[in-house]
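Worksheet: the structure to be examined is printed underneath.
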Protein chains: 2
Amino acid sequence: MALNTKEQLLEAGLSMLLKHGYNDLGIQALLEATGVPKGSFYHHFGSKEDFALQVIDRYMQEVHQGLEAALQDQTLRPLERARRFFELSREKYRQDGHLGCMLGALGQELSGVNPTFARKIEDCFSVVTRHIAECLEEARQQGQLAPDADPVELANLLLNCWEGAALRSRLLRDPAPLDRMLDFYFAAATRDA
Amino acid sequence: MALNTKEQLLEAGLSMLLKHGYNDLGIQALLEATGVPKGSFYHHFGSKEDFALQVIDRYMQEVHQGLEAALQDQTLRPLERARRFFELSREKYRQDGHLGCMLGALGQELSGVNPTFARKIEDCFSVVTRHIAECLEEARQQGQLAPDADPVELANLLLNCWEGAALRSRLLRDPAPLDRMLDFYFAAATRDA
DNA sequence: TATTCTGAATAGACCGGTCGGTCTAGGAGA
DNA sequence: TCTCCTAGACCGACCGGTCTATTCAGAATA
């Protein structure tokens, strides 16, 4: 039951961290929600911080699944693949109750004070943008983007604006800002192809 | 000294809330930083939440100053006025140590759990977008934007993307994402004027 | 196969410290 | 004197984390 318990904690951590953030999530609440005793928690995790970092790793596993599902889809042209990734993310947010992106939430909450989390989350973002940038480079080569477009900068732009839209979507519990942002971005990026 | 004490608390609250967020900011730390005894705090504020809400009000006073300084500047064309507002904000972020926007930070941290803050912060955002939208409408009338452009939607887009860039800027302690976002947005919005 | 051993995992009482918040007393200006 | 404000001791609750006892599956031994 060892792996099972750890999995259970990480799984609950995904939803509880997304909703409560880091500081408002008590270990005790997590244990009550999962029925796991405290001793088990500190057997599997060195600290609350260690736990949260592992939850982020798990979150990134899901992100990578999304990236793979969208960016490897050979039935789509490159730009549509990139957009598909964010549409898949939007669907995940919907399933989670329109609470937006955990990376954005934890990044805002913790990066003012905790450099470990700031670096961790920035690393996650930069991994994602790297994948998106590769996809956008393909789009550029296929003429979907202007020949002088900068895929890395465009990818960062896309992700950053997405995170802003995700915040607004979290405030309003409404996915509309996400779609509006994608419409605007892809219209703008495509226009001078 | 009554007003003075309250002012002092709000002033310290501005910087401490921006850096620490809500849950990581202890009343005690605030009192030690200001030299104010606990009794005074609870004389002026009903609770920690009440205090934070008033800090947000104070933050919005500064935002309104920025809005006024930028959007009323008759030496600039409307679109340049809008951009100026965000450039003023960027300078404020710089002074505060590149910690981004307090509304975005508190919005992400608290909106999952606390509807009072979610509503409050969404209200702040919608007030700002309303001003920006008026300015963009003027731009549309003057031919700086396409005749069929939707100023309200464009204003929301602008603010949301800005908040995303502010998060990234906070993570990296670097204003570059803010400027990149403005460049992209205004190039895109202007292109088909 | 039966028995012993062992280390991982479970279980929760318990710890000091800190949390937000209350209370009462004193001081200052009207 | 009366009202506002300062002042800080004090409160119970809860925080993250430690500690020790116990359980239990499976390897080792015979």
With a 4.0 Å heavy-atom cut-off, tell me which residues in residues 108-120 of chain B come close to DNA chain C, sorted by residue number.
-> none
B:Thr5 side chain near D:dT6 phosphate (N/O to OP1/OP2, under 4.0 Å) = yes
Going by the side chain to side chain contact (heavy atoms under 4.5 Å, CB included) test, name the single residue among B:Leu154, B:Val152, B:Leu158 that passes it with B:Asn156.
-> B:Val152
Does the salt bridge (charged side-chain N to carboxylate O under 4.0 Å, His left out) test come out yes or no for A:Arg83 and A:Glu80, once each step is laid out?
-> CA-CA 5 Å; A:Arg83 177 162 186 149; A:Glu80 280 72 42; over 6 Å; no
Give a yes/no answer on whether the side chain of A:His44 brings an N or O atom under 4.0 Å of OP1 or OP2 in C:dT10.
-> yes
Parallel, tilted or perpendicular: ring planes of A:Phe45 versus A:Phe51, cut at 30 and 60 degrees | perpendicular
Could you walk me through whether B:Glu163 and A:Arg168 pass the salt bridge (charged side-chain N to carboxylate O under 4.0 Å, His left out) test, one step at a time?
-> CA-CA 9 Å; B:Glu163 287 296 328; A:Arg168 204 70 188 280; over 6 Å; no
So what does B:Leu31 touch, heavy atoms closer than 4.0 Å: a base, only the sugar-phosphate, or nothing?
-> nothing
Out of D:dC15, C:dT22, D:dG16, minimum distance to the side chain of A:Gln28 belongs to D:dC15
Strictly by modelled atom types, are B:Gln65 and B:Gln61 linked by a side-chain donor-acceptor pair under 3.5 Å?
-> no
Which part of the nucleic acid, if any, lies within reach of A:Leu30 when heavy atoms closer than 4.0 Å are counted: base, sugar-phosphate only, or nothing?
-> nothing
Among A:Leu103, A:Leu106, A:Asp57, find the residue that satisfies the side chain to side chain contact (heavy atoms under 4.5 Å, CB included) test when tested with A:Lys120.
-> A:Asp57
Spacing of B:Glu49 atom CD relative to C:dG21 atom C1', expressed in whole Å | 14 Å
Quick one: sort the A:Phe86 and A:Trp162 rings into parallel, tilted or perpendicular, breaks at 30° and 60°.
-> tilted
Which atom of A:Ala52 lies closest to which atom of A:Tyr22, heavy atoms considered = CB-CE1, 3.6 Å
Identify each atom pair where a protein N or O and an N or O of nucleotides 7-11 of chain D are less than 3.5 Å apart, giving names and distance.
{"residue": "D:dG8", "atom": "N7", "partner": "B:Gly39", "partner atom": "N", "Å": "3.3"}
{"residue": "D:dG8", "atom": "O6", "partner": "B:Gly39", "partner atom": "N", "Å": "3.2"}

